Novice: 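Below is the structure I would like to discuss, written out as structure tokens.
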Amino acid sequence: MKKRTAIRLISYLVAAAIVLSGMIYNCYKEMQFYKNQVRFTYSSSLEELNSSISNINLNLEKAAYVTTAKQMNSIAVTLYTEAKLAKNAFTQISAVGLNKDGFNKFLSQVGNYAVFVARKVTENGEIGDTERQGILRLGEISGEISKDIAEIENQYNNSGAWDEELSDSLNNTLENSELNNMFSELDENFTDYPTLIYDGPYSDYTVPGEPLMLKGKAEVSVDDAKNTAAKLLDVDAQSLKLDGNENGKIEAYRFVYEGGVASISVKGGHPVYFRKYTTDETPFYSYEQAVSIAQKYLSRNSEEKFIPTYYYADNGVCTVSFAYINGNVICYTDLVKIGVDLSSGAVVFYEGRGYLTNHRVRTLPLPKHSVDDAKAVVSTNLKIKSSSICVIPSDNTDEKQCYEFLCTGENEKEILVYINTQTLEEEEILMLFRTNGGTLVK
């Protein structure tokens with residue numbers, strides 16, 4: 001090789017090395033920039049979430065001592081705003097597809113309950129003992145949450161945890177990150193605030209032990225479960241990816257795709273839940289239309305008979321609760337919930353855990369007492385509007401068959417009274433509160 005050629009080759013190699021080094025350096029700088037952006041987003045969102053939950057806790061403490069409608073309305077506006085901010089911050093932190101319904105539902109109830117109490121104070125001039133106890137209970141829960149989130153924020157801002165979180169983000173494995181594990185554990189604690197039930201009476205009841213509907217059922221294959229999930233989501237099965245098994249009370253296959261997530265029970269291959277991701281847009285469909293859409297969807301996908309009971313709307317989705325009908329008896333424990341996007345009219349949510357856990361073949365006794373006998377037990381201060389027969393849970397694992405009377409009381413307040421069909425015992429009295437977002441039951 002000639003000396004000139006060698007020099008030229010070396011020059012080219014040196015130049016290439018310099019260019020390559022520059023490219024590597026630029027990639028490194030871009031990666032650092034991306035890491036800093038993700039770190040800033042997570043850190044800021046966690047700080048905002050901590051701040052909002054702290055403010056919710058503080059204002060709930062104040063609300064317990066409020067005596068005027070003006071002050072209660074002011075606090076209600078603050079709580080509603082802080083709950084919305086907390087939801088937005090939480091959305092930025094949590095991994096897409098994880099089941100954090102408890103946390104989100106709690107935040108929704110904080111805002112809506114505050115508005116409800118404010119309306120009660122305006123009507124009655126003061127906060128009743130029941131409403132005050134509800135505020136105190138929500139305050140206790142928010143205080144516990146505030147401590148937990150402050151601890152999470154402290155841990156992440158004073159350790160190398162963010163580097164691991166960033167690595168999970170870059171590798172698209174956020175669902176397994178330590179941060180999301182912490183919030184999953186936090187979400188599991190939202191089971192003890194019975195003051196508000198948006199889905200109607202007994203919506204959160206489940207029998208202990210193995211889910212009754214899955215007992216003795218054979219296990220299904222991953223392919224069969226995937227086909228069931230594809231039918232529910234109305235997508236091609238090839239677009240679904242197995243994302244592991246869920247090993248909770250109901251063992252299930254979990255499938256994900258670009259637009260959502262679905263869970264199918266290993267035993268029996270029944271739908272456990274599915275969610276399609278949506279963005280809040282201007283509502284186009286009414287609540288009545290949403291109920292009709294949900295009912296038609298359930299009829300297409302189930303051979304059993306259901307009746308719509310209650311609904312609530314949150315973040316542009318109307319969730320309708322359906323109770324199983326055994327003959328002419330409403331089984332409030334066997335619930336399926338279906339969510340309809342109010343902007344598109346699409347079914348974007350399905351929740352079948354209550355149904356899978358509680359449903360079984362029942363042999364129901366004939367009532368020993370007539371509906372007229374039961375009416376005679378209802379307070380004379382109430383006007384009965386309608387009646388039906390239903391099954392409700394008792395304090396133990398048994399169920400009680402009752403006449404359900406929808407009544408109106410003083411100031412046209414709606415009240416549900418449950419009279420045992422066998423003993424004529426007054427088993428339960430619940431108050432109904434109709435709001436723009438659904439029905440509250442206490």
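What you see is a predicted model, and the numbers here were worked out from it, not measured in a lab.
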Novice: Would E399 and R362 pass as an ion pair if we require N to O under 4.0 Å?
Specialist: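 Yes, this pair counts.
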Novice: Looking at residues at least two apart in the chain, or sitting in another chain, which of them share a side-chain hydrogen bond (donor to acceptor under 3.5 Å, both in side chains) with N420?
Specialist: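 E427.
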Novice: In Å, rounded to the nearest 0.5 Å, how long is the span from OH of Y350 to NZ of K337?
Specialist: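 If I round to the nearest 0.5 Å, the distance is 12.0 Å.
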Novice: State, yes or no, whether a side-chain contact exists between I415 and L430 at a heavy-atom distance under 4.5 Å.
Specialist: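 Sidechains of L430 and I415: no contact.
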Novice: Are any non-hydrogen side-chain atoms of H270 and M213 less than 4.5 angstrom apart?
Specialist: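 A side-chain contact exists here, since the closest heavy-atom pair is under 4.5 Å.
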Novice: Run the salt bridge (Lys or Arg N to Asp or Glu O under 4.0 Å) test against K267 and tell me which residues pass, sequence neighbours left out.
Specialist: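 So K267 forms a salt bridge (Lys or Arg N to Asp or Glu O under 4.0 Å) with E210.
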Novice: side-chain hydrogen bond (donor to acceptor under 3.5 Å, both in side chains) with Q289: which residues, sequence neighbours excluded?
Specialist: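 Testing Q289 for side-chain hydrogen bond (donor to acceptor under 3.5 Å, both in side chains), a comparison that skips the adjacent residues, returns S286.
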Novice: Report yes if some heavy atom in the side chain of Y311 is under 4.5 Å from a heavy atom in the side chain of T319; otherwise report no.
Specialist: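 With C-beta onward as the side chain, the pair stays apart.
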Novice: Indicate the atoms forming the closest heavy-atom contact of Y332 with T309, along with that distance.
Specialist: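 Taking every non-hydrogen atom into account, CE2-CG2, 3.8 Å.
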Novice: Considering residues at least two apart in sequence or located in another chain, which fulfil the side-chain contact (heavy atoms from CB on, under 4.5 Å) criterion with A76?
Specialist: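 By the side-chain contact (heavy atoms from CB on, under 4.5 Å) rule, A76 matches A114, A118.
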Novice: Hey, mind stepping through L298 and K305 against side chain to side chain contact (heavy atoms under 4.5 Å, CB included) and telling me if it holds?
Specialist: CA-CA 9 Å; L298 187 56; K305 185 179 179 182; over 6 Å; no
Novice: Is the charged tip of R275 near the ring of Y273: under 6.0 Å from the six-membered ring centre and within 45° of its axis?
Specialist: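 Judged by the rule, R275 and Y273 form a cation-pi pair.
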Novice: Flag the pair F255 / D243 as yes when at least one side-chain heavy-atom distance between them is below 4.5 Å, and no otherwise.
Specialist: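 When only atoms from C-beta onward are counted, D243 and F255 do not touch, as no gap falls below 4.5 Å.
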Novice: Which residues pass the side-chain hydrogen bond (donor to acceptor under 3.5 Å, both in side chains) test with S146, sequence neighbours left out?
Specialist: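 For S146 the side-chain hydrogen bond (donor to acceptor under 3.5 Å, both in side chains) partners, ignoring immediate neighbours, are S54.
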Novice: Would you indicate whether the side-chain heavy atoms of I145 and I56 approach each other to under 4.5 Å?
Specialist: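 No. Closest side-chain heavy atoms not under 4.5 Å.
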Novice: Apply side-chain hydrogen bond (donor to acceptor under 3.5 Å, both in side chains) to S265 and list each qualifying residue two or more places apart in sequence or on a separate chain.
Specialist: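 S265 satisfies side-chain hydrogen bond (donor to acceptor under 3.5 Å, both in side chains) with no residue once adjacent residues are dropped.
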Novice: Can you sort out the partners of Y297 under ring-ring contact (aromatic ring centres under 6.0 Å, His included), two or more places apart, ordered by chain and number?
Specialist: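 So Y297 forms no ring-ring contact (aromatic ring centres under 6.0 Å, His included) with any residue.
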Novice: Compare all side-chain heavy atoms of V317 with those of L342 and state whether any distance is below 4.5 angstrom.
Specialist: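 Of all side-chain heavy-atom pairs linking L342 with V317, none is under 4.5 Å.
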Novice: Evaluate the side-chain proximity of R254 to V261: yes if any heavy-atom separation is below 4.5 Å, no if none is.
Specialist: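 V261 vs R254: side chains touch.
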Novice: Quick one: list whatever passes side-chain contact (heavy atoms from CB on, under 4.5 Å) with N55, sequence neighbours left out.
Specialist: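 By the side-chain contact (heavy atoms from CB on, under 4.5 Å) rule, N55 matches S51, N59, E82.
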Novice: Provide the closest heavy-atom pair for K276 versus Y257 in the form atom of the first, atom of the second, distance.
Specialist: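 Smallest heavy-atom distance, with atoms named: CG-OH, 3.8 Å.
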Novice: Any sub-3.5 Å donor-acceptor pair from D341's side-chain atoms to S343's backbone N or O?
Specialist: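 Yes.
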Novice: Does L79 form a side chain to side chain contact (heavy atoms under 4.5 Å, CB included) with L60? I'd like the steps, not just the answer.
Specialist: CA-CA 8 Å; L79 284 171; L60 283 169; 3.9 Å; yes
Novice: Shortest non-hydrogen contact from V320 to A294?
Specialist: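 Taking every non-hydrogen atom into account, CG2-CB, 4.1 Å.
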Novice: Ignoring hydrogens and angles, write down the donor-acceptor pairs under 3.5 Å from the side chains of residues 231-241, residues two or more places apart or on other chains.
Specialist:
residue: D236; atom: OD1; partner: Q238; partner atom: N; Å: 2.9
residue: S239; atom: OG; partner: D236; partner atom: O; Å: 2.6

Novice: In a table with atom names and distances, give each donor-acceptor pair under 3.5 Å that connects a side chain of residues 375-390 to protein atoms at least two apart or in another chain.
Specialist:
residue: S379; atom: OG; partner: N381; partner atom: N; Å: 3.1
residue: K385; atom: NZ; partner: E414; partner atom: OE2; Å: 3.4
residue: S388; atom: OG; partner: E404; partner atom: OE1; Å: 3.2

Novice: Are F274 and F349 near enough that their ring centres are under 6.0 Å apart?
Specialist: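 No - the distance between ring centres of F274 and F349 does not fall below the 6.0 Å cut-off.
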Novice: Does S292 have any side-chain contact (heavy atoms from CB on, under 4.5 Å) partners at least two apart in sequence or in another chain, and if so, which?
Specialist: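 Once residues adjacent in sequence are excluded, the partners of S292 under the side-chain contact (heavy atoms from CB on, under 4.5 Å) criterion are K296.
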Novice: Working to the nearest 0.5 angstrom, can you tell me the gap between I264 CD1 and K226 NZ?
Specialist: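 It is 12.5 Å, given to the nearest 0.5 Å.
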Novice: Can the ring centres of Y355 and F306 be said to be less than 6.0 Å apart?
Specialist: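 Aromatic pair counts; centres sit under 6.0 Å.
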Novice: Within the side chain of N326, is there an N or O that forms a donor-acceptor pair under 3.5 Å with the backbone of L364?
Specialist: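 Side chain of N326 to backbone of L364, a donor-acceptor pair under 3.5 Å: no, none is there.
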Novice: Give the C-alpha distance, both sets of side-chain angles, the deciding distance and a yes or no for side chain to side chain contact (heavy atoms under 4.5 Å, CB included) between Y418 and Y403.
Specialist: CA-CA 6 Å; Y418 296 87; Y403 291 108; over 6 Å; no
Novice: What residues form a ring-ring contact (aromatic ring centres under 6.0 Å, His included) with Y253, not counting sequence neighbours?
Specialist: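 Once residues adjacent in sequence are excluded, Y253 has no partner under the ring-ring contact (aromatic ring centres under 6.0 Å, His included) criterion.
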Novice: Kindly indicate whether the side chain of H359, heavy atoms from C-beta on, has any atom under 4.5 Å from the side chain of L212.
Specialist: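 The answer is no; the side chains never approach within 4.5 Å.
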Novice: Using a 3.5 Å distance criterion without hydrogens, assess whether the side chain of S142 forms a donor-acceptor pair with backbone atoms of L138.
Specialist: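 Side chain of S142 to backbone of L138: a pair is present.
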